[in-house]
Amino acid sequence: MIYIAGISIALFISALLLNKKNKSKSDMILLGWMILIAVHLYLFHINFTEHIYQSPHLLGLHFPLPLFHGIFLYYYVSAVTNQFPKKNWCVLLHLAPIILSYLYLIPFFLLSGAQKIEVFENEGKGYETFMAIGISLIYISGIIYVLWSSILLKRHKKNILIQFSNIEEIDLRWLQFLIYGLGIIWSILIFTNNDIYIFMGVSVFVILIGFFGIQQKDIFSSQNLVLKRNQRRISKKESKKTKYIKSGLTDKLAEDTYKNLMQLMTEEEYYKENNLSLNDLASKLNIHPNYLSEIINKKEERNFYDFINDFRVEEFKRLINIPENQQFTLLALAYDCGFNSKSSFNRYFKKHTGKTPSEYLKSVVK
């Protein structure tokens with residue numbers, strides 16, 4: 001059955017994550033989520049096949065488990081996008097409804113096996129209010145955490161446009177599909193409440209999240225190291241720039257930095273660095289990244305991503321007009337301009353010019 005496949009894949013992914021070196025916070029969250037999914041699918045399977053009555057001590061354990069999934073989605077998305085809560089009490093607060101649910105169920109867990117079976121066979125007699133509240137909480141938590149995770153991902157996409165010039169490998173589009181996937185599962189729960197369909201969806205979902213999640217690398221780790229290095233270096237200097245960092249961005253600093261920035265772009269063609277980031281450029285200009293971002297926004301009315309890639313597109317347009325470059329492919333020229341993938345080049349070029357690179361080439365070649 002598909003449930004057995006889902007359990008097997010969840011446990012296999014858990015084993016891979018356990019053996020993964022240098023596990024990140026998101027890896028640990030994914031590991032916990034995979035184990036939870038395996039347990040949840042197992043409890044559903046033995047409940048569906050009625051084998052659970054042979055192990056009555058397991059009855060009732062699955063009631064609060066659906067509340068975990070929305071929380072794990074939020075934890076995972078926030079960790080991958082570097083937006084994880086910094087205070088432990090904020091992290092634990094999300095678990096409060098689950099903890100309270102299990103505390104309320106303690107008297108049920110202390111019943112004998114025969115008494116537990118009797119409660120189940122009578123559709124939860126004596127726990128009707130608890131079950132009604134529990135179902136409502138599951139519905140509400142699913143909607144809230146799916147929406148919350150979508151907001152975090154949207155914020156992440158905005159953030160990387162401020163910090164990076166190439167976002168092909170870090171835009172986390174696959175994560176949007178996982179959010180949609182869990183949203184679909186919750187929709188099935190809300191509109192059909194059919195356990196078979198729900199857990200079939202969970203089994204498919206675990207395949208997707210495992211395939212993409214286990215390959216996910218930390219996005220901001222190396223960039224944060226650069227930022228911290230810059231901050232340490234700047235703080236040690238007894239200079240006017242140090243005072244600016246403490247007192248705020250002045251007009252003179254903004255003008256001087258912008259002049260140096262344009263010199264880097266036009267004379268040194270710094271935009272050709274394939275993986276150029278805001279922190280890299282700030283380090284070169286000896287200024288705090290936040291100030292550099294503010295300068296680009298004010299002077300150019302663009303974010304860092306658009307600012308750098310506009311230079312790359314203009315350089316590409318210049319190169320294809322040189323007869324000697326006709327021996328090279330469009331992609332080779334794009335790489336020379338700083339793009340690091342065909343898809344990102346094509347997408348941004350069309351955004352900038354309204355034409356694909358091939359269409360533009362036809363329009364300029366006579």
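When a residue number appears, it is its place in the shown sequence, counting from 1.
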Could you measure the distance from the CD1 atom of Ile52 to the CD1 atom of Ile46? Nearest 0.5 Å is fine. 4.5 Å
Could you tell me whether Lys252 and Asp256 make a salt bridge, using a distance below 4.0 angstrom between a side-chain N and a carboxylate O? yes
Using modelled atom types and a 3.5 Å cut-off, is there a donor and acceptor pairing between side-chain atoms of Tyr139 and backbone atoms of Gly134? no
Using side-chain heavy atoms (C-beta onward) and a distance below 4.5 Å, is Lys20 in contact with Asp27? yes
May I ask you to check whether His94 and Trp148 place their ring centres under 6.0 Å from each other? yes
Would you check if the distance from the ring center of Tyr76 to the ring center of Phe72 is below 6.0 Å? no
Stepwise, does the side-chain contact (heavy atoms from CB on, under 4.5 Å) test hold for Met34 with Val206? CA-CA 7 Å; Met34 289 294 102; Val206 73; 3.4 Å; yes
What salt bridge (Lys or Arg N to Asp or Glu O under 4.0 Å) pairs are there with at least one residue in residues 303-314, not counting sequence neighbours? Arg302-Asp310, Asp306-Lys351, Glu314-Lys317
Between the side chains of Asn260 and Thr257, is a donor N or O closer than 3.5 angstrom to an acceptor N or O? no
Strictly by salt bridge (Lys or Arg N to Asp or Glu O under 4.0 Å), give each pair with a member in residues 290-299 just once, sequence neighbours left out. Glu255-Lys299, Glu294-Lys298
Start with the C-alpha distance between His40 and Phe199, add both sets of side-chain angles, then the distance that settles ring pair (Phe, Tyr, Trp, His ring centres under 6.0 Å), and finish with yes or no. CA-CA 9 Å; His40 201 175; Phe199 283 93; 5.0 Å; yes
Show me the side-chain donor-acceptor pairs of residues 117-129 shorter than 3.5 Å, one per line, residues at least two apart or across chains.
from, atom 1, to, atom 2, distance (Å)
Asn122, ND2, Glu118, O, 2.7
Glu128, OE1, Gly126, N, 3.0
Glu128, OE2, Gly126, N, 3.2

Does any donor atom in the side chain of Trp33 or His69 lie under 3.5 Å from an acceptor atom in the other side chain? yes
Exactly one of Tyr348, Phe345, Tyr335 should register a ring pair (Phe, Tyr, Trp, His ring centres under 6.0 Å) with Phe316. Which one does? Phe345
